[in-house]
Amino acid sequence: MSTLENITSSSIIFLLTGVPGLEAFHTWISIPFCLLYITALSGNSLILFAIVTQPSLHEPMYYFLSMLSTTDLGLSISTLVTMLGIFWFDAREISFNACLSQMFFIQLFTVMESSVLLAMAFDRFVAISSPLRYASILTDLKIAQIGVAIITRGTLILTPMVALLKRLSFCRSHVLHHSYCFHPDVMKLSCTDTRINSAVGLTALITTAGVDSVFIIFSYFLIIKTVLSIASPEERKKAFSTCVSHIGAVAVFYIPLISLSFVHRFGKKAPPYVHTLIANAYLLIPPVLNPIIYSVKTKQIRRGVLKVLQLSATKE
């Protein structure tokens, strides 16, 4: 085996990719991406600050929303440096260890978001099916335990997946096809047998987003069944209205995820920039749209955010 084929992972420098074929327009392309990052960071920070500072929002539903905003902030920050670095400075190089770290946090916050959406579905089911016992079931301690379980679950599932990349050798091109480190993307560059990595990655996907999506659907089946048993049409409408924001958050998380999976499997003939744009949208759409959805559809959140903005304006 040649020296090139024996390159170890510790000495690898990967090259990230911006938008293939549109490198000359990276500065212009960075403008909408920059606006999206500003929207995601400011929107989620506002919601998080409003929930922390407004006593009226110290309820289970809003605690879960604060978890969602935290994961969205983490997801945005995980990709911000490399993505804007490519667009602004053509800073494409990333070391193997830095790549693994970014990959771990992107995957961790993605898994956490899926878990939080499942917890929010359970929250809506309890609120609708057992409104009188809602506060006693979802106590502060129980919510804190759910939060710890979400972080622990993601860490335990993803650590082996990322650690197994350490055993790989890379003897082909070191050019990644995204502006951040993506697990399947890194595996494709290895000249080592990656069947174990693929199996562990698929298992991680099925046991997180796969399982969560099934339980979310099941939760809504139970919610619909409960709501339909309510006699008053007005009460049915009110019960359903409490779920609208959560349904929107589930949609903006799973639709880009499914779209990315389909493009990777069936869109091989699509132009390279299509893959890149969908991959970037997959990570940016939920953090950008979730604050908008909850601010528009949830009166209490809208009031809380407005109070925060009014207080900051008064101080100035």
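Judged purely by distance below 3.5 Å, without hydrogens or angles, the side chains of Tyr134 and Asp123 pair a donor atom with an acceptor atom. No donor-acceptor contact under 3.5 angstrom links the side chains of Gln102 and Ser78, judged on distance only. Looking only at atom types and distance, the side chain of Ser129 has no donor-acceptor partner in the side chain of Thr226 under 3.5 Å away. Donor-acceptor pairing under 3.5 Å is lacking for the side chains of Asn290 and Ser69. In the model, Ser114 has a side-chain atom that pairs as donor or acceptor with a side-chain atom of Tyr254 under 3.5 Å. At a cut-off of 3.5 Å, with distance as the only test, a side-chain donor of Tyr220 or His246 sits close to an acceptor on the other residue.
Residues passing the side-chain contact (heavy atoms from CB on, under 4.5 Å) test with Thr203 are Thr207, sequence neighbours excluded.
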Show the numbers, then the answer: is there a side chain to side chain contact (heavy atoms under 4.5 Å, CB included) between Ser115 and Val111? CA-CA 6 Å; Ser115 303; Val111 168; 4.2 Å; yes

(request) Let me see the working for Ile94 and Cys181 under side chain to side chain contact (heavy atoms under 4.5 Å, CB included), right down to the final yes or no. (result) CA-CA 9 Å; Ile94 185 169; Cys181 288; 4.0 Å; yes

Inset, instruction - Start with the C-alpha distance between Arg153 and Asp212, add both sets of side-chain angles, then the distance that settles salt bridge (Lys or Arg N to Asp or Glu O under 4.0 Å), and finish with yes or no. - result: CA-CA 12 Å; Arg153 176 204 190 200; Asp212 292 347; 3.0 Å; yes

Evaluate the criterion side chain to side chain contact (heavy atoms under 4.5 Å, CB included) for residue pair Cys243 and Ile247; output intermediate values, then yes/no.
CA-CA 6 Å; Cys243 302; Ile247 293 170; 4.2 Å; yes

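Here the side chain of Thr192 pairs a donor or acceptor atom with the backbone of Ser169 at under 3.5 angstrom. With hydrogens and angles ignored, the 3.5 Å screen pairs no side-chain donor or acceptor of Thr152 with any backbone N or O of Ala149. Side-chain N or O atoms of Asp185 include one that pairs as donor or acceptor with a backbone N or O of His177 at under 3.5 Å. With hydrogens and angles disregarded, no donor-acceptor distance shorter than 3.5 Å links the side chain of Ser130 to the backbone of Val126. No donor-acceptor distance shorter than 3.5 angstrom exists from the side chain of Ser190 to the backbone of Met187, with no hydrogens or angles considered. A distance-only check finds a donor-acceptor pair linking the side chain of Thr71 to the backbone of Leu68 [under 3.5 Å]. Formation of a donor-acceptor pair under 3.5 Å by the Ser45 side chain with backbone atoms of Ser42 is not found in this model. Judged by distance alone, with hydrogens and angles left aside, the side-chain atoms of Glu234 form no donor-acceptor pair with the main-chain N or O of Ser232 at under 3.5 Å.
With a 6.0 Å radius and a threshold of 12 heavy atoms from other residues, nucleotides or ligands, Arg303 has its CZ atom at or below the threshold. Heavy atoms from other residues, nucleotides or ligands lying under 6.0 Å from CG of Leu306 number more than 12.
Below 30°, between 30° and 60°, or above 60°: for Phe125 and Phe122 the angle between ring planes is between 30° and 60°, a tilted geometry.
Taking the six-membered ring wherever Trp is involved, the centroid distance between the rings of Phe96 and His174 does not fall below 6.0 Å.
Between Val200 and Leu164 the shortest heavy-atom distance is CG2-CD1, 3.5 Å. Nearest heavy atom pair, residue Met161 against residue Gln107, reads CE-NE2, 3.6 Å. A pairwise comparison of heavy atoms in Gly18 and Thr276 identifies O-CG2, 3.0 Å as the closest pair. Taking each heavy atom of Asn44 and Pro287 in turn, the nearest pair found is ND2-O, 2.9 Å. Counting all heavy atoms, side chain and backbone alike, Gly304 lies closest to Leu57 at CA-CD1, 4.3 Å. Taking every heavy atom of both residues into account, Thr298 and Met61 meet most closely at CG2-CE, 4.3 Å.
Note: Ile150 CD1 to Met67 CE = 5.5 Å, rounded to the nearest 0.5 Å. Within the model, atoms OG1 of Thr79 and OH of Tyr282 stand 11.0 Å from one another, a figure rounded to the nearest 0.5 Å. The CD1 atom of Ile106 sits 5.5 Å away from the CG atom of Leu283 when rounded to the nearest 0.5 Å. Remark: Ile292 CD1 to Thr39 OG1 distance equals 6.5 Å, nearest 0.5 Å. Going from atom CG of Leu289 over to atom CG of Leu36 covers 9.0 Å, rounded to the nearest 0.5 Å.
His178 places none of its side-chain heavy atoms less than 4.5 Å from the side chain of Leu16. Annotation: side chain of Leu158 is in contact with side chain of Phe104 (closest heavy-atom distance under 4.5 Å). Inter-residue side-chain proximity for Ile137 and Lys142 is flagged as unmet; no heavy-atom pair is nearer than 4.5 Å. Using a 4.5 Å heavy-atom cutoff, the side chains of Thr110 and Thr208 are not in contact. Considering only heavy atoms from C-beta on, Phe170 comes within 4.5 Å of Val186 through its side chain. Within the 4.5 Å cutoff, side-chain heavy atoms of Ile128 are placed close to those of Val227. The shortest distance between side-chain heavy atoms of Val52 and His58 does not fall below 4.5 Å. Between Tyr180 and Asn280, some side-chain heavy-atom pair lies under the 4.5 Å cut-off.
Screening residues 18-46 for ring-ring contact (aromatic ring centres under 6.0 Å, His included) gives His26-Phe87, Phe33-Phe87 as the qualifying pairs, with residues at least two apart or on separate chains.
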